[in-house]
Every structure is written in structure tokens, then in C-alpha cells.
K.L.:
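A single structure is presented below for examination.
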Number of protein chains: 2
Amino acid sequence: MFTQTVEYALRAMICLASNPAPGQTVEQISRATQVPAAYLGKVLQQLVKQQLVTSRRGAGGGFSLALPPDQISLLRVVQAVDPIQRITTCPLGLEAHGVRLCPLHKRVDNALADMERAFSQSTLAEILAEPSDSIPLCNFPRGTPAPCSSPQPR
Amino acid sequence: MFTQTVEYALRAMICLASNPAPGQTVEQISRATQVPAAYLGKVLQQLVKQQLVTSRRGAGGGFSLALPPDQISLLRVVQAVDPIQRITTCPLGLEAHGVRLCPLHKRVDNALADMERAFSQSTLAEILAEPSDSIPLCNFPRGTPAPCSSPQPR
DNA sequence: GATGAATCGGACTCTTGTGTCCGATTAATT
DNA sequence: AATTAATCGGACACAAGAGTCCGATTCATC
């Protein structure tokens with residue numbers, strides 16, 4: 001249903017949002033999100049190009065959010081890497097349908113619209129603030145000693 | 001978002017449902033749905049295997065619905081050819097998450113659940129019965145002389 | 001200025017979805 | 001029995017998604 005890339009992008013954005021210090025490297029994000037580093041680089045590029053993320057090259061460089069986490073909806077992330085294509089005209093190209101979709105495509109498009117709405121309604125900030133035993137990307141329940149953002153030795 | 005195959009399968013099922021006479025051939029369905037005949041054959045095979053469609057080989061053969069149209073939901077068609085994969089366990093394999101999804105994956109899975117629900121609620125029969133100017137697969141507004149199920153010369 | 005750490009971009013590989021083609025099989029008709 | 005109309009299955013071709021690799025570039029630090 002969703003591409004790997006969308007899943008990866010969401011993880012990366014959550015990772016960036018969960019650590020206030022700017023400039024996480026691909027390596028760091030890769031470790032936290034368990035996304036293959038080389039591919040993660042590509043995904044981050046797309047996010048940079050869509051201006052959801054900023055990057056700095058060279059030593060001390062890395063990636064940061066381009067906006068505060070409460071201003072980035074899941075939808076924006078999804079649209080940045082693999083846009084939800086709404087059905088605007090009849091896929092069969094039937095003239096009689098045109099913009100007035102038939103009942104079949106109307107339903108499919110409505111489902112897509114619901115999806116958009118759902119994703120537009122939650123932001124990175126909201127997700128991180130939500131009280132839950134499971135903290136995104138973190139393999140420790142809330143309140144245990146080792147926080148997920150602590151550097152892990154390799 | 002949805003694969004071509006899902007779109008094709010839905011069209012084919014609507015086509016079968018819209019014509020009560022059993023045994024439409026790949027050629028006929030292909031013409032009505034504008035799906036490449038050779039590929040449509042593959043898609044129909046999947047629907048046969050999932051027991052939504054029956055087939056008869058040889059002269060006079062073709063495809064028919066295996067169930068009355070009011071007992072076939074869009075969801076069943078979707079699940080037959082490209083199942084919506086719900087998120088049941090943490091995609092990162094984090095033990096602390098397990099079945100208790102984190103807020104991020106919870107939201108994604110909720111969206112998938114909404115999708116399932118939406119598609120489970122409409123049937124082929126309902127779609128065909130819906131009053132609308134646009135009749136599925138048919139390039140003529142309701143009430144015009146040439147019905148979509150009439151045989152087309154080539 | 002040299003070194004090292006990092007992103008950036010392009011080229012490549014691998015897998016999967018989409019689509020074609022054809023021979024084998026099945027069944028109705030003549 | 002021969003012919004014809006149809007599904008069925010496998011092999012192949014092409015394109016796009018997923019993932020790897022490496023050289024070029026940028027920038028901080030020594």
C-alpha cells in the first residue's frame with residue numbers, strides 16, 4: 001500500500017524531530033531508523049529538495065528539520081517522497097465521465113481523500129508528544145534509563 | 001497509491017457485474033475496460049484463484065462472477081490481487097513495540113484500517129445501482145440510446 | 001594548506017510490477 | 001474427427017522501485 005520510501009521518510013523525519021540538536025548525519029539517522037544508510041541518503045535528498053529538511057555538507061554537517069515539528073504534517077512527508085495521486089479525471093478517459101467520476105472511481109477517490117485528511121491531521125510534534133508506552137524508533141519503554149537518542153557504540 | 005492491477009481488477013469485476021449474461025471473454029472485457037487483453041488475462045486468473053470469478057475454457061467459454069454482485073465488496077477484489085497489508089507488528093522489529101504500535105505506526109495503520117472499512121462497505125451491486133450520470137465503463141450518459149453492454153463491432 | 005568528515009550526484013545492480021507472446025489444453029460446433 | 005474458440009501456464013521483455021557504490025564537492029579542524 002505504502003512504499004518503503006514513505007516508511008523510511010517518516011522514520012527519518014521522526015528521528016530528526018525527536019532530537020532537538022541540529023545536524024544529524026546519515027549514519028546516525030540510519031542507525032536509529034534502521035534504514036540502509038546509502039538509500040537513506042537518497043530519501044533525505046528528496047526531503048531536502050521538497051524543503052522539509054535542510055542539510056549542511058562537510059565536517060560537522062548533517063540534516064535538520066527545515067520547520068518546527070508542529071508545522072510538519074505526515075501528509076507533507078508523504079507528498080514529498082511519494083505523492084498520493086487523487087483521481088481527478090476518469091482513468092479510462094471516457095469523455096462522458098470527465099471530471100464527474102463514476103461511482104466506482106468516486107469511491108476510490110474518496111478513500112484517497114480520507115487518507116489525505118488523516119495524514120494531514122497529525123504532525124511530527126503531536127506524534128512525539130502522544131503519551132504511549134512505545135516511543136517511536138526507541139526500543140525502551142518510557143522512563144527506562146537508556147534514552148533512544150544516546151549515542152550507540154559500534 | 002493503488003497498483004494498476006487493482007484498478008484493472010475493479011474494472012473487470014464491474015464489467016462482469018454489469019452484464020448478467022455469464023461467460024464474457026477476455027476480449028470483450030478488455031474492450032469494455034480498456035485493459036490490455038493479455039494482462040487482463042493474468043488479472044482474471046488471480047480473481048479465479050481467489051474464487052471471486054469462475055471461468056470456462058473452450059468455445060463458448062469465458063468468465064463470470066462466482067457470487068452475486070451484492071455479495072462482492074470492493075475490499076474483496078482489492079485483497080484478491082494486491083492485499084492491503086495492515087501493520088500488525090513494529091516494522092523495525094523493536095521488541096518494546098511488538099504488537100503495541102508506536103504513535104507513528106499506529107496512525108499509519110489506522111489509515112489503512114479506514115481504507116479497509118471504506119472498501120468493505122461498498123459492493124459491486126451498490127455501485128451499479130447508484131444513480132449517477134456516469135455509468136462505470138460506459139461512455140454514454142444514462143438514458144442515451146447506445147448501452148455500454150451492447151456488442152461493439154471491430 | 002592538508003586532512004578528515006560529511007553531503008551530493010551519477011552510475012550501476014537487483015527485484016518487482018506491468019505487459020507481451022506463444023504453445024498446451026479444453027470444449028462446443030460442424 | 002476436424003475445426004474453431006476460448007482459458008491456462010510459462011517464458012520472456014520492459015520499466016520503475018529499492019538499494020549499493022564511488023568519485024566529486026564542501027567545510028571544519030588541526
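Residue numbers begin at 1 in each chain, while the letters A, B, ... track the order of the sequences.
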K.L.:
Would you mind reading off the distance between B:Y39 atom OH and D:dC12 atom C1', rounded to a whole angstrom?
P.N.:
15 Å
K.L.:
So, OP1 or OP2 of C:dT18: does either fall under 4.0 Å of a side-chain N or O from B:T5?
P.N.:
yes
K.L.:
Select one nucleotide: of D:dC8, D:dC27, C:dA28, the one nearest the side-chain heavy atoms of A:R56.
P.N.:
D:dC27
K.L.:
Checking contacts here: which listed nucleotide (C:dA6, C:dA27, D:dA18) is nearest the side-chain heavy atoms of B:A59?
P.N.:
C:dA27
K.L.:
Please give, in whole Å, the distance from C:dT15 C1' to A:Q4 CD?
P.N.:
13 Å
K.L.:
Is any side-chain N or O of B:S55 closer than 4.0 Å to OP1 or OP2 of D:dA6?
P.N.:
no
K.L.:
Give every donor-acceptor pair under 3.5 Å between a side-chain atom in residues 57-73 of chain A and any protein atom, sequence neighbours left out.
P.N.:
from: A:S64; atom 1: OG; to: A:G23; atom 2: N; distance (Å): 2.9
from: A:S73; atom 1: OG; to: A:R76; atom 2: N; distance (Å): 3.2

K.L.:
Could you tell me the separation between the CG atom of A:D82 and the C1' atom of C:dG17, rounded to a whole number of Å?
P.N.:
14 Å
K.L.:
Going by atom types only, do A:T5 and A:Y39 share a side-chain donor-acceptor pair under 3.5 Å?
P.N.:
yes
K.L.:
Could you measure the distance from the CG atom of B:D109 to the CE atom of B:M115? Nearest 0.5 Å is fine.
P.N.:
13.0 Å
K.L.:
What is the distance from CD of B:E27 to P of D:dC8, rounded to the nearest Å?
P.N.:
15 Å
K.L.:
From the options D:dA6, D:dC27, D:dG19, select the nucleotide whose nearest atom is closest to the side chain of B:T25.
P.N.:
D:dA6
K.L.:
Counting heavy atoms from C-beta on, name the nucleotide in C:dT7, C:dT18, C:dA28 closest to the side chain of B:T3.
P.N.:
C:dT18
K.L.:
Which whole-number value in Å describes the distance from A:Q46 CD to C:dC8 P?
P.N.:
13 Å
K.L.:
Counting heavy atoms from C-beta on, name the nucleotide in D:dT20, D:dA28, C:dT7 closest to the side chain of A:F63.
P.N.:
C:dT7
K.L.:
Which residue lies toward the 5' end of DNA chain C, A:G58 or A:K49, if each is placed at its nearest nucleotide?
P.N.:
A:G58
K.L.:
Is any side-chain nitrogen or oxygen of B:Y8 closer than 4.0 Å to OP1 or OP2 of C:dT18?
P.N.:
no
K.L.:
Quiz question: going by heavy-atom distance under 3.5 Å, is there a donor-acceptor pair between the base of D:dT7 and the side chain of B:R57?
P.N.:
yes
K.L.:
Report yes if at least one side-chain N or O of B:Q45 is closer than 4.0 Å to OP1 or OP2 of D:dC8; otherwise report no.
P.N.:
yes
K.L.:
Quickly work out the A:F2 CZ to D:dG17 C1' distance and round it to whole Å.
P.N.:
16 Å
K.L.:
Can you tell me the distance, in whole Å, between the CD atom of B:Q24 and the P atom of D:dA5?
P.N.:
19 Å
K.L.:
Between A:E116 and A:R86, is there a side-chain N and carboxylate O pair less than 4.0 Å apart?
P.N.:
yes
K.L.:
With sequence neighbours left out, which residue pairs that include part of residues 10-36 of chain B fulfil the ring-ring contact (aromatic ring centres under 6.0 Å, His included) condition?
P.N.:
none
K.L.:
Whether the side chain of B:K42 and the base of D:dG10 hold a donor-acceptor pair under 3.5 Å is what I'd like checked.
P.N.:
yes
K.L.:
Taking CG from A:L40 and C1' from D:dT20, how many angstroms apart are they, rounded to a whole number?
P.N.:
14 Å
